[in-house]
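Naming convention: chains lettered A, B, ... in sequence-line order (proteins, then strands); numbering from 1 in each chain.
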Amino acid sequence: MAQSALSLEFPDGTIREFDAGTTGKDVAGSISKSLAKKSVAIALNGELMDLAEPIASSGKIEIITRTDDRAVELIRHDCAHVLAEAVQAIWPDTKVTIGPVIENGFYYDFDRAEPFTPEDLETIEKKMRQIIARNDPFTKQVWSRDDAKAHFEKMGESYKVELIDAIDADQNLNIYHQGEWHDLCLGPHGPSTGNVGSAFKLMSVAGAYWRGDSDNQMLSRIYGTAWADEKQLKNYLFMLEEAQKRDHRKLGREMDLFHFQEEGPGVVFWHAKGWKVFQGLTNYMRRRLDEHGYDEVNAPQILDKALWQTSGHWDWYRENMFTTVTEDDRQFAIKPMNCPGHVQIFKNGLRSYRELPIKMAEFGNVHRYEPSGALHGLMRVRGFTQDDAHVFCTSEQLEAECLRINDLILTTYSDFGFGDIVVKLSTRPEKRVGSEEGWDRAESIMQKVLDKIEADSDGRIRTEMNPGEGAFYGPKFEYVLRDAIGRDWQCGTTQVDFALPERFGAFYIDENSNKVEPVMVHRAICGSMERFIGILIEHFAGHFPLWLAPVQAVVATITTEAEEYGQKVVDTLKAAGMRVESDFRNEKINYKVREHSLAKVPVIIAIGAREAEEGTVSIRRLGSKHQTNMTLEEAVASLTEEAIAPDLKRKRDAS
RNA sequence: GCUGUUGUAGCUCAGGGGUAGAGCACGUCAUUGGUAAUGACGAGGUCGGUGGUUCAAUUCCACUCAACAGCACCA
């Protein structure tokens, strides 16, 4: 151990010397008494450390107070320990496992014969508040691995023993104490249980597998949220309420877009209005595909088992496939993916290198037998439509094609108002087909493309690696977008496939008359049209932009006298290409406005005697309490302009 | 698939061993009313499904299906 003095650099640039063995608390105290009181931890070279820990090396130091963004991590971690103590105080035979910090809070997994009930949460919270009020300091002891193991064995904490077993033999372990209670823990922690404060709440109980493995025992997990102050907690709870309000399943019902029912778990009944949105989205995508040189095809839903054996799906994906046996004992599978079908189209006839790249697109209706617990509204279904395409190209063309696809994906997302994108590269999984050389080649090209995507984005696109998460036939890019309330959704994907063309014996004739295997790139932009619409519903909270809205305007009469003119308004708007409905019912205008506002119709056009006489319309926009009056001609002009899809607008403005 | 919870009218929900109730929505009539609910009357379910216990079950029990939350899986 170095006995020399510590040299610590403060955020303002000043450097000061301290004796060896100085703790964070000492450093804070050397600045001011009040800082020593307010501090909860320090960060040494950016890494959080306990206040009471002797500072081991020189470096950049920051004193972390409760208001620091990083302090909330400690609060959550402290809170998880307080939760664990509370649970063991109430139910002493409960075993503890782990309790990490997560986004917005923390959880702790327990092994207990009886599951926790929502009422239990209240009891636990009460106990937690007592522990916090006790304000015991968190003190760290370093134990040898053997001592720790023996200790937890004696206590019967078998999960802790298992955790210790997984730690390197020569490593010492931290034991954090709070009063009588203690836990094996990496740390760091705040100064005392009082540091948790009062801005926390236990949220829910759920089952979770020990160590995240479905072969392991199911534990009882308690989720909690914790914040630096009450205001932050309140904001967070408010956000959750907001998210609930825009739940696409709720809006789908209220807006009459789609429904599900018991007989069809995971398959969508699209209602007329929902289908309009679906078609609006499909039409948009068709135009974009056309722009980018794709040809749309359509391959069969049901194909012989033999084909799926060749593709490898029968071996790797069978548990997810719907299969059927006919009277004559032939076994078929409903397609879970479109690629084998597209390879058949590629193979039909002899292909020349002159034709490449061939870009084959399909709005492919696929079915996958997803685990029942995975189903979630439109976000996870068993029958869905992929905006799928396969690019058959030479390996020389691969990089350029990936970049071209990237361009199409990013412009599509921005047309829907998604700007915050992460591109992840997933590499070879354990369960895979194809040679190691093939994987090496594919991954190195993908890595190069990924770097280029990031470099060309002016820092707008973030990139990440996802080791072992690739498809069984090749590495892939995953495009993750962030919606209006900050949730992430994986939508687009670009997957390089060196395996499938080989399996099906697909080839083209190169310039030397040789047979050459093409590279196949699978790609999707929306991923699933169903899911993408679900995301759009939540992103827009049901307030679709005019070009996507299933009903763009409702013409509502105030009195029956205005009906004739109202019909003229409807006809005029329809003739101009608008999706308009009329509401000439014998109801008050207030009633009509309320009803169509709840149905999230973007434009309500009220027609009374005055408008009929003047040839005007009174327009009320969704979300606004005001009306604007204008002539019918003006209304048609401004609404049709607004209703132009972004890609068409772009094309028009470019010419 | 796993753990837990739920399943009563189109929707939101109350009730409870002796064959069900509210509000909204729906229908009829009256009302012609300027921007988020006009009034009156009426119709509507057999309490997710199957089996069991019981004189009797929608209510208790078992199984099953579906949904919800989380986990695992994933577009």
Side-chain angles (χ1 to χ4, degrees), chain A residues 107 109 112 114-118 203-223 247 249-250 253-254 256 259-266 317 319-320 336-337 364 366 368-388 469 471 476 478-480 489-493 495 522-532 534-535 556-563 584-599 604-611 618-629:
Chain A
Y107 65 78
D109 287 345
R112 177 171 172 243
E114 288 280 297
F116 298 103
T117 66
M203 304 296 286
S204 58
V205 193
Y209 298 109
W210 166 235
R211 309 196 122 188
D213 187 332
S214 59
D215 291 335
N216 285 342
Q217 182 175 358
M218 180 68 77
L219 304 169
S220 285
R221 175 172 298 179
I222 295 178
Y223 281 95
D247 189 314
R249 294 165 299 185
K250 180 171 168 280
R253 188 174 56 240
E254 288 170 3
D256 194 19
H259 86 268
F260 291 91
Q261 65 188 48
E262 279 199 23
E263 292 84 350
Y317 205 70
E319 63 210 17
N320 285 299
M337 295 180 190
V366 296
R368 299 180 184 176
Y369 190 73
E370 300 291 350
S372 56
L375 303 181
H376 181 91
L378 294 177
M379 303 307 195
R380 194 74 184 276
V381 287
R382 285 183 175 157
F384 58 102
T385 312
Q386 292 182 306
D387 62 326
D388 205 358
E469 296 292 314
K476 63 182 179 185
E478 288 175 358
Y479 287 78
V480 179
W489 301 98
Q490 201 236 297
C491 293
T493 174
Q495 314 183 354
H522 312 247
R523 62 83 302 197
I525 299 170
C526 301
S528 130
M529 304 297 269
E530 285 78 1
R531 189 159 92 124
F532 199 71
I535 294 165
T557 46
I558 297 169
T559 67
T560 37
E561 288 161 39
E563 253 181 55
F584 297 167
R585 289 175 304 171
N586 178 13
E587 295 291 349
K588 289 187 168 180
I589 190 65
N590 299 27
Y591 181 88
K592 295 183 182 182
V593 164
R594 175 182 155 82
E595 195 170 283
H596 301 303
S597 297
L598 287 173
I604 298 172
I605 301 177
I607 303 291
R610 202 157 61 223
E611 286 77 13
S618 164
I619 291 189
R620 179 187 168 121
R621 298 300 303 248
L622 180 60
S624 161
K625 283 191 163 47
H626 307 288
Q627 304 109 48
T628 29
N629 271 279

Which nucleotide, in any strand shown, forms a Watson-Crick or G-U wobble pair with [N], with both distances under 3.5 Å?
| N | answer |
| --- | --- |
| B/rG21 | B/rC13 |
| B/rC71 | B/rG1 |
| B/rG45 | none |
| B/rG7 | B/rC65 |
| B/rC60 | B/rG52 |
| B/rA30 | B/rU38 |

For this session: In sequence, state the C-alpha distance, the side-chain angles, and the governing distance for A/S597 and A/K592, and then conclude on side-chain contact (heavy atoms from CB on, under 4.5 Å).
Result: CA-CA 8 Å; A/S597 297; A/K592 295 183 182 182; over 6 Å; no
Is there side-chain contact between [X] and [Y], with at least one heavy-atom pair below 4.5 Å?
| X | Y | value |
| --- | --- | --- |
| A/E319 | A/Y369 | no |
| A/N320 | A/P336 | no |
| A/S528 | A/T385 | no |
| A/C491 | A/I535 | yes |
| A/H522 | A/K476 | no |

Sugar-phosphate only, base, or nothing, as touched by [X] at under 4.0 Å among non-hydrogen atoms:
| X | value |
| --- | --- |
| A/A609 | base |
| A/V381 | base |
| A/Q217 | nothing |
| A/S618 | base |
| A/A524 | nothing |
| A/R620 | base |
| A/G212 | sugar-phosphate |

Counting only side-chain nitrogens and oxygens, does [X] get under 4.0 Å of the OP1 or OP2 atom of [N]?
| X | N | result |
| --- | --- | --- |
| A/Y223 | B/rC71 | yes |
| A/R249 | B/rA69 | yes |
| A/R621 | B/rU35 | no |
| A/R253 | B/rU12 | yes |
| A/K476 | B/rA75 | yes |
| A/H376 | B/rA69 | yes |

Could you tell me how far [M] sits from [N] if I compare only their [atom1] atoms? Round to whole Å.
| N | M | atom1 | result |
| --- | --- | --- | --- |
| B/rC11 | B/rA67 | P | 15 Å |
| B/rU53 | B/rC61 | P | 16 Å |
| B/rU59 | B/rA40 | C1' | 36 Å |
| B/rG45 | B/rA56 | P | 27 Å |
| B/rA36 | B/rU28 | P | 27 Å |
| B/rC24 | B/rC60 | C1' | 33 Å |
| B/rU6 | B/rA75 | C1' | 28 Å |
| B/rA14 | B/rA22 | C1' | 7 Å |

Within this structure, what is the [atom1]-to-[atom2] distance between [X] and [N], rounded to whole angstrom?
| X | N | atom1 | atom2 | result |
| --- | --- | --- | --- | --- |
| A/I589 | B/rU38 | CD1 | P | 11 Å |
| A/E262 | B/rG49 | CD | C1' | 8 Å |
| A/E478 | B/rC73 | CD | P | 13 Å |
| A/I605 | B/rU35 | CD1 | P | 17 Å |
| A/D387 | B/rA75 | CG | C1' | 9 Å |
| A/M379 | B/rC74 | CE | P | 19 Å |
| A/L598 | B/rU12 | CG | C1' | 14 Å |
| A/D256 | B/rC11 | CG | C1' | 12 Å |

Nucleotide nearest [X] (side chain, heavy atoms from C-beta), chosen from [options]:
| X | options | value |
| --- | --- | --- |
| A/E587 | B/rA36, B/rU38, B/rU32 | B/rU38 |
| A/E561 | B/rG48, B/rA67, B/rU32 | B/rU32 |
| A/S597 | B/rC73, B/rA36, B/rG33 | B/rA36 |
| A/R221 | B/rG7, B/rC71, B/rA75 | B/rC71 |

Problem set entry | Greater than 12 external heavy atoms within 6.0 Å of A/E561's CD |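 Open.
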For this session: Mark yes when over 12 heavy atoms from residues, nucleotides or ligands other than A/Y317 sit less than 6.0 Å from its OH; otherwise mark no.
Result: yes
Exercise. For A/F116, is the NZ or CZ atom of A/R112 found under 6.0 angstrom from the centre of its six-membered ring and inside 45 degrees of the ring axis?
Worked result: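 Ring-cation test returns yes.
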For this session: Under the salt bridge (Lys or Arg N to Asp or Glu O under 4.0 Å) rule, what do A/E587 and A/R594 come out as? Steps first, then yes or no, please.
Result: CA-CA 11 Å; A/E587 295 291 349; A/R594 175 182 155 82; over 6 Å; no
Problem set entry | Of A/N320 and A/Q627, the one whose closest RNA chain B nucleotide lies more 5' |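 So the residue in question is A/Q627.
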Exercise. Relative to the 5' end of RNA chain B, which residue comes earlier, A/N590 or A/E469, by the nucleotide with the nearest heavy atom?
Worked result: A/N590
Using a cut-off of under 3.5 Å, enumerate the N/O to N/O pairs linking the protein to nucleotides 1-5 of chain B.
{"residue": "B/rG1", "atom": "OP2", "partner": "A/S372", "partner atom": "OG", "Å": "2.9"}
{"residue": "B/rG1", "atom": "N7", "partner": "A/G373", "partner atom": "N", "Å": "3.0"}
{"residue": "B/rG1", "atom": "N2", "partner": "A/Y209", "partner atom": "OH", "Å": "2.4"}
{"residue": "B/rC2", "atom": "O4'", "partner": "A/Y209", "partner atom": "OH", "Å": "3.3"}

For this session: Would you check, one step at a time, whether the test salt bridge (Lys or Arg N to Asp or Glu O under 4.0 Å) holds for A/D247 with A/R249?
Result: CA-CA 5 Å; A/D247 189 314; A/R249 294 165 299 185; 2.5 Å; yes
